[in-house]
Amino acid sequence: MGAGMQEAAEEGEFVGARLDAGLRAARFASPPSADEFGNEVEPKNVPAVFRGVAKGWAASTRWDPLHGGLDYLLEKVGRDVDVEAMMSNTGHVFYGDLRSHERVSVPFSTFIHSCKSYLSRINGASDSFIDQGIFEEPTCLREMCSSNSENSEQVYLAQVSIMNAENKERCSLGVLKEDIQEPIFLRGKSFSSINFWMNGSHLRSSTHYDPHHNLLCVLAGCKKVTLWPPSASPFLYPMPVYGEASNHSSVSIEEPDYSSYTRARYMKEYSERVVLNCGDVLFIPEGWYHQVDSDDLTIAINFWWKSRIMTQMLEHMDAYYLRRILSRLVDKEMNIMVQRSPFCRLGDCTNIQPMDKALTGFHLFNLQKDSPMQTLEPSTLQALYELVSLVHDSAEVVSQNDRTEPASESTSSNQGDKTKIAAPDDLSLLDKDPVAKTILPVEPLELRSMMLAMVRTFPRTLETLVLNMLGPVGAEILTRKFDEIDQLTTKEEQAEFYKTFYSVFEDQYAAMDVLLNGKELFSFQVFQNVLDRYLRVHADRPS
């Protein structure tokens, strides 16, 4: 594969700053062999650009609208063939939502005449030619577009079959297969379909993905293709998985509503744009989002085929794979949420007090030289002071509420329940949990020392912290820290630590339940995030 690869990019191409280097499109100056493509390119599920592969096809010269291609296509296909076209309700942008476009049957000759009319206008043809009817736009197409425009700017020949494995009768443009070639690196593939794409004036297709591997071949004009990996789904807000256009993004490509789709602000940073000129070919793996801008009078074909993994996926295993994939996404999201991030380093967090204040605060407790807190690292002592302060501040708030609002206990409790089961928004769950933010940066063995110090010095504070103030994220982080402690200590040290830690609780099993319930609630909140970000589905917490 190495000999044919190239690094040079076309003018107008770009790569987003956050797109992983391993997900950037490979570029080839010469096509690989079928074995190289099948063994080294396709399995990676990463796009690849092959320059000039289709230059030698008859279609690249015969179909050229600027050099008699429109007349050739009209004669080749015939005047009596009808094709299915897309008619947009949103100007030159074609959205996948069925409410934004409709499929209409159009005589192929009608569409070609409309393209000739458009070509005459952009070439500055004299009005007399149009008056004479030489380039006059046919009545039926003009009527179709009359509600939006005076020309064919809203009509697009999209996905018109040249070959269809499931429905051979649907191949209205099958005669054009004579002018194209099967790329050498696709030899042996079983194609689902080969399709024809053509537009008159410049148009844009909305961001979407396909359920097949796709080889897009530009045979006239130019296409600019913006690509996103499937992992960028959270930034693209795919339509609900149960909807008619579930493979399309909800975000407008011309007027994105960032107030409703906040993560979409960063979508460009995870994208790559590829420019395809006549003869260029782009491999778009299944599941990769792409948005396409087509220049005036651009013609392309594409090959679709099932990926190896989908071909080999047995239907009776779907439920298992679904659970495995959801579980993997949940684990990934959990790790992201509880990772050490810059905003939660000790000293950076808004809840963390300066060191001198921490030391001054502990003087109030008449710290003795033999106190276990004397052995703590300064940063750990600071974290301990923060936890103690959180508990005491919370106790003061509760006390004040008891004095001022004695009748609101049940209401407050109900509101608390609602807070717990509400689906998390785009802000990090960690950023909202001061206990979790405080213990996250503490090293495992230092946390062990801090917990033991609290057992000896602030046992009731530790009990209150765990039973009443530890949120779902805090429960997850604390138990992860315990797992890390176990990796660094002996069995005897582990047994002694847990015996001491749980000794502060009147009901040790109640403390364990708090930790386990918190972990499960955190997992559910993350599960909600996964459903929303990847499937646009919202789930209620099971009762």
Side-chain angles (χ1 to χ4, degrees), residues 334-335 337-365 367-393 428 430-431 433-467 469-505 511-512 514-515 518-519 522:
M334 288 174 65
N335 289 333
M337 288 184 180
V338 300
Q339 69 184 355
R340 298 172 187 269
S341 52
F343 60 74
C344 66
R345 288 197 300 254
L346 282 176
D348 291 342
C349 297
T350 56
N351 292 325
I352 300 297
Q353 304 296 328
M355 180 60 67
D356 57 348
K357 185 174 180 181
L359 295 174
T360 302
F362 279 125
H363 278 302
L364 298 177
F365 298 101
L367 223 58
Q368 302 297 322
K369 290 184 178 181
D370 60 347
S371 168
M373 290 189 293
Q374 293 284 359
T375 63
L376 298 180
E377 293 289 336
S379 60
T380 307
L381 187 62
Q382 181 176 342
L384 174 56
Y385 173 76
E386 176 64 17
L387 292 177
V388 172
S389 297
L390 285 171
V391 174
H392 289 179
D393 291 346
S428 169
L430 175 63
D431 200 30
D433 189 328
V435 175
K437 287 174 64 177
T438 302
I439 64 177
L440 177 60
V442 182
E443 294 298 328
L445 293 181
E446 278 296 305
L447 181 70
R448 178 177 180 271
S449 299
M450 184 173 75
M451 291 289 110
L452 294 175
M454 291 190 74
V455 169
R456 291 182 56 185
T457 313
F458 306 111
R460 299 285 69 82
T461 299
L462 177 59
E463 182 181 35
T464 302
L465 180 74
V466 173
L467 296 181
M469 296 194 62
L470 195 64
V473 189
E476 177 66 27
I477 292 176
L478 184 59
T479 52
R480 286 190 180 211
K481 293 286 187 182
F482 285 171
D483 290 340
E484 293 176 14
I485 291 171
D486 290 346
Q487 297 297 319
L488 299 171
T489 55
T490 65
K491 292 289 185 181
E492 293 75 15
E493 289 172 329
Q494 295 169 25
E496 181 62 27
F497 169 69
Y498 290 118
K499 178 182 178 181
T500 305
F501 174 78
Y502 282 110
S503 68
V504 303
F505 303 98
M512 292 179 185
V514 167
L515 292 174
K519 284 173 63 67
F522 175 65

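Just so it is clear, the structure is predicted and the values come from calculations on it, not from any experiment.
A 4.5 Å side-chain heavy-atom check between E443 and E377 finds every atom pair outside the cut-off. Side chains of M512 and Y502 form a contact here, defined as non-hydrogen atoms less than 4.5 Å apart. T461 places a side-chain heavy atom less than 4.5 Å from the side chain of H392. Taking the side chain as every heavy atom from C-beta outward, L387 and I439 approach each other to under 4.5 Å. F482 is not listed as a side-chain neighbour of I477, based on a closest heavy-atom distance of 4.5 Å or more. Taking the side chain as every heavy atom from C-beta outward, F497 and T489 never approach each other to under 4.5 Å. Counting heavy atoms from C-beta outward, M451 and R448 have side chains that stay 4.5 Å or more apart. Looking at heavy atoms from C-beta onward, L470 lies out of side-chain contact with D433 at the 4.5 angstrom threshold.
Contact between L515 and A475 at its shortest, heavy atoms only, is O-CB, 3.7 Å. When all heavy atoms are compared, the tightest approach of F522 to P472 is CB-O, 3.5 Å. In terms of heavy atoms, T438 sits closest to P441 at O-CD, 3.3 Å.
Note: Q487 CD to E484 CD = 9.0 Å, rounded to the nearest 0.5 Å. Rounding to the nearest 0.5 angstrom, the gap separating the CD1 atom in I485 from the OG atom in S449 is 8.5 Å. Note: L376 CG to M450 CE = 8.0 Å, rounded to the nearest 0.5 Å. Note: L384 CG to Q382 CD = 11.0 Å, rounded to the nearest 0.5 Å. Note that the CG atom of D486 and the NZ atom of K491 stand 7.5 Å from one another [nearest 0.5 Å]. Between the CG atom of L467 and the CG atom of L462 there is a distance of 9.0 Å, given to the nearest 0.5 Å.
The salt bridge (Lys or Arg N to Asp or Glu O under 4.0 Å) search around E446 returns none, not counting sequence neighbours. Taking T500 as the reference, L452, V455, E496 meet the side-chain contact (heavy atoms from CB on, under 4.5 Å) condition, with sequence neighbours excluded. Taking the side-chain contact (heavy atoms from CB on, under 4.5 Å) definition, one finds that L488 meets it with P444, L445, sequence neighbours left out.
Salt bridge present: E476 and R480 bring a charged side-chain N and a carboxylate O closer than 4.0 Å.
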side-chain contact (heavy atoms from CB on, under 4.5 Å) between Q494 and T490, intermediate numbers included: CA-CA 6 Å; Q494 295 169 25; T490 65; over 6 Å; no
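K519 contributes no side-chain N or O that, together with a main-chain N or O of V473, makes up a donor-acceptor pair within less than 3.5 Å.
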